[in-house]
Engineer: 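This structure is in structure tokens; I'll ask about it shortly.
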Amino acid sequence: MKLVLAILNSDDAHSVITSLTRADFNVTKLATTGGFLSSGNVTVLIGLDDARLDTALELIEKHSNSRKQVIPSTPDVGMSFSPSMPVQVNVGGATVFVLNVEQFVKY
Ligand code: 2BA
């Protein structure tokens with residue numbers, strides 16, 4: 001058994017989760033925050049049989065889009081003021097971790 005931990009862009013989360021639940025995966029959604037941008041994202045936990053891992057990853061990939069996001073940055077220019085210069089970063093699609101599950105119980 002595996003545990004898939006996928007960090008999704010908030011804008012993609014609904015379609016990723018809908019496609020997974022329609023395909024009969026059990027999904028838990030967590031509201032999370034990215035450390036770099038400090039903006040909200042969504043992390044999903046999916047416990048699944050090894051044989052279904054590829055299907056889950058395909059659905060996550062299909063419904064996750066990469067985006068460019070512009071963020072303000074404050075360079076150190078050695079002056080008494082710090083002008084704000086926008087910087088563009090590529091965010092996503094999804095960041096996915098696949099973990100082996102040692103034990104799974106439901107009480
Ligand atoms: P954030 O930490 O808010 O990062 C958003 C985007 O900013 C990242 O997109 C990446 O393009 C950029 N970025 C992050 N750290 C950076 C840095 N130190 N310098 C320059 N640019 C940086 P993604 O790579 O697609 O990541 C999207 C979100 O997925 C991240 O949001 C974070 O919440 C999570 N994530 C990504 N990699 C991770 C990892 N190795 N471990 C845990 N969470 C991760």
Side-chain angles (χ1 to χ4, degrees):
M1 186 174 195
K2 305 283 189 207
L3 177 67
V4 175
L5 206 157
I7 302 163
L8 312 171
N9 189 292
S10 299
D11 294 337
D12 297 327
H14 178 74
S15 82
V16 172
I17 292 168
T18 302
S19 71
L20 288 166
T21 50
R22 278 191 186 146
D24 218 19
F25 288 100
N26 287 300
V27 181
T28 296
K29 172 185 171 186
L30 305 172
T32 47
T33 304
F36 186 67
L37 296 181
S38 291
S39 63
N41 51 29
V42 171
T43 298
V44 289
L45 309 179
I46 312 152
L48 42 71
D49 290 330
D50 292 24
R52 302 203 67 207
L53 176 62
D54 289 346
T55 306
L57 295 179
E58 281 165 18
L59 289 171
I60 293 168
E61 183 182 12
K62 181 176 173 189
H63 294 275
S64 298
N65 300 300
S66 171
R67 306 175 166 74
K68 292 190 190 310
Q69 200 161 330
V70 177
I71 56 166
S73 109
T74 309
D76 178 4
V77 292
M79 290 188 264
S80 57
F81 66 94
S82 300
S84 185
M85 290 181 22
V87 169
Q88 187 169 270
V89 290
N90 278 318
V91 183
T95 300
V96 182
F97 301 87
V98 179
L99 290 75
N100 287 317
V101 173
E102 201 165 300
Q103 191 178 2
F104 170 70
V105 283
K106 267 188 177 175
Y107 295 112

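All values reported here derive from a predicted model rather than from experimental measurement. By convention here, the first residue in the shown sequence is residue 1. Both counts, for ligands and for their atoms, begin at 1 and track the order of listing. Both backbone and side-chain heavy atoms feed into the values below; hydrogens, waters and symmetry mates do not.
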Engineer: How far apart are the closest heavy atoms of Ala23 and Arg52, and which atoms are they?
Structural biologist: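 It is O-NH2, 2.8 Å.
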Engineer: Kindly indicate, with the supporting measurements, whether the criterion side chain to side chain contact (heavy atoms under 4.5 Å, CB included) is fulfilled by Val89 and Phe36.
Structural biologist: CA-CA 10 Å; Val89 290; Phe36 186 67; 4.1 Å; yes
Engineer: Holding to side chain to side chain contact (heavy atoms under 4.5 Å, CB included), I want the full list of residues that pass it with Thr18, two or more places apart in sequence or in another chain.
Structural biologist: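 With sequence neighbours excluded, Thr18 shows a side chain to side chain contact (heavy atoms under 4.5 Å, CB included) to His14, Arg22, given in chain and number order.
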Engineer: Show the protein residues that qualify under the rule heavy atom under 4.0 Å from an atom of ligand 1, listing them in chain and number order.
Structural biologist: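 Ligand 1 pocket, heavy atoms under 4.0 Å: Ile7, Gly34, Gly35, Phe36, Leu37, Asn41, Asn90, Val91, Gly92, Thr95, Phe97.
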Engineer: Do you reckon Ile60 sits in the same ILVMFWY cluster as Leu53, going by side-chain contacts under 4.5 Å, direct or chained?
Structural biologist: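 Yes, same cluster.
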Engineer: When hydrophobic residues are tied together by side-chain contacts of less than 4.5 Å, even through go-betweens, does Leu5 share a cluster with Val101?
Structural biologist: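 They do share one cluster, since a chain of ILVMFWY contacts under 4.5 Å joins Leu5 to Val101.
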Engineer: Can you tell me if CD on Glu102 sees more than 12 non-hydrogen neighbours from other groups inside 6.0 Å?
Structural biologist: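 No, CD of Glu102 has 12 or fewer neighbouring heavy atoms, counting only those of other groups under 6.0 Å.
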